[in-house]
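Computed over heavy atoms, backbone and side chain alike; hydrogens, waters and symmetry mates excluded. Proteins come first, then strands; the chains are lettered A, B, ... in the order of their sequence lines, and each starts at number 1.
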Protein chains: 2
Amino acid sequence: MNFQQLRSVREAVRCGFNLTEVAAMLYTSQPGVSRQIRELEDELGITIFARAGKRLTGLTEPGRVLVPIVERLLQEAENLRVAGREFVDRAEGTLSIAATHSQARYALPHAVRDFRQHYPQVTLNLHQGSPKQVAEMLLGGEADIGIATEALAGYPQLVTLPCYRWTHSIVVPHDHPLLHGGPPSLERLAAFPIITYDRGYTGRSHIDDAFARAGLRPDVVITAMDADVIKTYVELGMGVGIVASIAVDPERDRPLQAIDARHLFEINVTRLAVRRGSLLRGYAFAFIEHFAPSLTRAVVEDALALAIGAEATTEAVTSA
Amino acid sequence: MNFQQLRSVREAVRCGFNLTEVAAMLYTSQPGVSRQIRELEDELGITIFARAGKRLTGLTEPGRVLVPIVERLLQEAENLRVAGREFVDRAEGTLSIAATHSQARYALPHAVRDFRQHYPQVTLNLHQGSPKQVAEMLLGGEADIGIATEALAGYPQLVTLPCYRWTHSIVVPHDHPLLHGGPPSLERLAAFPIITYDRGYTGRSHIDDAFARAGLRPDVVITAMDADVIKTYVELGMGVGIVASIAVDPERDRPLQAIDARHLFEINVTRLAVRRGSLLRGYAFAFIEHFAPSLTRAVVEDALALAIGAEATTEAVTSA
DNA sequence: TATCCTTACGGAATTCGTAAGCATG
DNA sequence: CATGCTTACGAATTCCGTAAGGATA
């Protein structure tokens with residue numbers, strides 16, 4: 001058993017069982033990968049991959065059990081390297097953060113600025129993507145920390161922690177009817193064409209939920225992945241915008257006016273996620289604490305140590 | 001990074017930093033081991049072992065962090081092999097059980113007999129030792145399951161589960177004064193020379209505690225590791241025995257009479273332990289359930305999944 | 001027929017053990 | 001001076017990539 005065999009197996013799963021692709025990912029030859037996998041199967045005495053003729057098609061029953069162990073093993077190997085680097089220089093290295101546009105644009109800048117002052121030697125890598133992509137970057141080991149409001153739950157391999165709460169605002173051009181007559185109701189709002197986030201982005205689900213519960217079918221005319229695009233179309237008079245309150249700045253967005261909408265839509269919680277079982281650099285904890293002061297190193301480490309579905313043990317004892 | 005390097009590091013810690021001994025354990029040459037360790041240190045960029053001149057003396061600060069990761073990694077590698085074997089043949093393999101004399105002699109035989117009937121192809125390995133040795137056999141990977149009444153707590157790397165409760169009995173020759181006058185008190189008992197278990201064995205601590213709480217200093221004239229020895233000396237009239245109730249059989253121990261002592265000493269709980277993070281064969285779960293029916297596979301797996309000191313996470317969230 | 005995995009083979013790199021060297025208690 | 005780690009070197013093994021072969025959509 002060696003690491004190259006294990007890497008080949010992990011990568012084969014990730015690449016959809018295409019060994020040619022695996023070889024490219026691991027910078028080696030395709031026959032090499034084929035051999036690595038077969039040798040591991042021989043050593044363990046089982047077949048990990050289901051084959052249709054010569055082609056790999058999926059995992060066998062044993063494979064489904066083994067692959068998670070392989071993943072954990074390689075994760076620990078990575079942890080070893082990370083731990084080494086931590087002792088070489090606590091203040092030098094790389095930190096990869098995956099975040100949605102909203103977070104990268106409005107929530108992260110302060111934390112990033114503070115972090116860079118404290119750790120000028122750390123290369124900060126900011127990846128942007130949909131919540132799903134954020135989760136996958138974490139799972140693939142491309143990102144150390146993920147930040148998003150939606151879709152981070154439902155990955156048992158990720159540990160998620162609440163960072164902060166926020167609400168939506170309605171943005172409209174000056175002299176819009178909604179500015180008069182007090183806080184608007186969902187009914188009044190639904191009378192206008194709506195411009196808001198794509199499904200799966202920045203609290204969109206809470207917006208849909210609110211309208212659905214009220215029995216309303218709003219006319220969503222434009223959707224976008226970020227508030228900047230939404231605001232642009234609102235300025236053009238295409239409709240009424242619904243964005244995260246944090247995304248509205250009275251100074252910058254002078255052509256627009258914001259109406260607080262926290263009475264209409266459920267409160268959103270932005271969450272931070274890390275891969276379960278991963279070892280974080282010291283400065284990663286520092287970044288997290290800059291971003292969400294309640295998430296101290298101790299809190300994050302506790303959450304990382306917690307096992308999947310951990311519950312109280314039964315201390316049932318039979319009498320002899 | 002390769003497995004031989006990691007094995008060398010783990011074994012070096014276990015062998016008290018004597019690389020010559022490590023080489024013997026790993027069936028290789030001493031310069032080889034030396035090189036493995038040096039190469040891993042070079043690759044990680046840190047020194048794992050503290051050196052006095054050319055001699056290894058202990059772990060460095062980084063070493064103390066890295067070694068537990070190495071142990072987990074090698075544990076996962078072992079899990080991989082175990083998982084493989086499980087799929088090769090569910091009913092064939094080896095099961096190593098470490099137990100104290102009391103358990104091996106009185107509690108285990110029924111479970112062992114039942115187990116052998118169900119799994120005739122499994123080689124059963126029964127190691128005997130002190131509770132401390134039981135714990136160390138688990139930690140060293142020599143035993144899969146450990147069973148003892150004392151000293152299994154206090155090893156964070158072990159998961160312990162309660163199996164059954166039991167109490168002590170007093171054993172005396174026929175016509176002994178303690179047989180008359182109702183259930184004896186601690187005071188009356190302390191008036192006789194006592195023969196019981198060694199410190200650290202089979203509920204001895206509860207015996208000492210009871211006397212100490214009553215302000216009594218019993219005259220313990222003989223101690224032994226097992227009830228058979230104790231009973232032998234009681235038969236010889238050397239004193240009054242205190243043994244686990246389970247160890248007394250009216251038929252076999254005809255020269256003796258037993259007096260229930262559950263009113264005098266605290267109830268004992270025999271515990272089963274497995275190494276945290278280890279993967280057990282299916283038949284290991286079966287054995288555990290034969291031994292302690294309350295410990296179903298689900299219960300044991302839940303306990304294994306629980307992390308060290310797992311507690312509820314704080315869901316404290318700051319407001320944006 | 002193009003894609004994808006396996007088998008075969010030869011060269012290169014790695015690995016490992018023996019022997020010698022050196023420091024320490 | 002015995003124990004224990006390191007260095008040096010040569011042989012054996014292992015590893016890996018190229019080239020050819022065969023199966024499948």
Residue set satisfying salt bridge (charged side-chain N to carboxylate O under 4.0 Å, His left out) with A/Arg72, at least two apart, ordered chain then number -> B/Glu76
For B/Gln4, answer base if it contacts any base atom (sugar-phosphate contacts may also be present), sugar-phosphate if it contacts only those atoms, and nothing otherwise; contact means non-hydrogen atoms under 4.0 Å. nothing
With the threshold set at 4.0 Å, does a side-chain nitrogen-carboxylate oxygen contact exist between A/Arg85 and A/Glu78? yes
Would you jot down, in residue-number order, the residues of residues 18-27 of chain B having a non-hydrogen atom under 4.0 Å from DNA chain C? none
Using the closest heavy atom to pick a nucleotide of DNA chain D for each, name whichever of B/Gln30 or A/Asn2 lands nearer the 5' end. B/Gln30
Distance check needed: C/dC5 C1' versus A/Ile37 CD1, whole Å only. 10 Å
Is A/Arg7 salt-bridged to A/Glu11, going by a charged N under 4.0 Å from an acidic O? no
Do A/Tyr283 side-chain atoms and A/His118 backbone N/O form a donor-acceptor pair below 3.5 Å? no
To the nearest angstrom, how far is B/Phe3 atom CZ from C/dC16 atom P? 14 Å
Using a distance-only test with no angle check, is there a side-chain donor-acceptor pair under 3.5 angstrom linking A/Ser102 and A/Thr202? yes
Geometric class of the A/Phe3/B/Phe3 ring pair [parallel <30°, tilted 30-60°, perpendicular >60°]: parallel
Heavy-atom contacts under 4.0 Å between residues 42-57 of chain B and DNA chain C, which residues? B/Gly53, B/Lys54, B/Arg55
State whether the number of non-hydrogen atoms from other residues, nucleotides or ligands found under 6.0 Å of A/Arg199 atom CZ is greater than 12. no
In whole angstrom, what separates B/Glu39's CD from C/dT14's P? 10 Å
Answer yes or no: does a side-chain N or O of B/Thr28 lie under 4.0 Å from OP1 or OP2 of C/dG17? yes
Should A/Lys132 and A/Glu136 count as an ion pair when the cut-off is N to O under 4.0 Å? no
Atom-to-atom span, CZ of A/Phe17 to C1' of D/dT24 - whole angstrom: 18 Å
Roughly how many Å is it from CD in B/Glu11 to P in D/dC5, rounded to a whole number? 14 Å
Which part of the nucleic acid, if any, lies within contact of A/Arg35, taking any heavy atom under 4.0 Å across all strands shown: a base, the sugar-phosphate backbone alone, or nothing? base
Are any of A/Gln36's side-chain N or O atoms less than 4.0 Å away from OP1 or OP2 of D/dC16? yes
For atom CD of B/Gln5 and atom C1' of C/dT14, their distance in whole Å: 12 Å
Residue B/Met1 excluded, over 12 heavy atoms near CE under 6.0 Å: yes
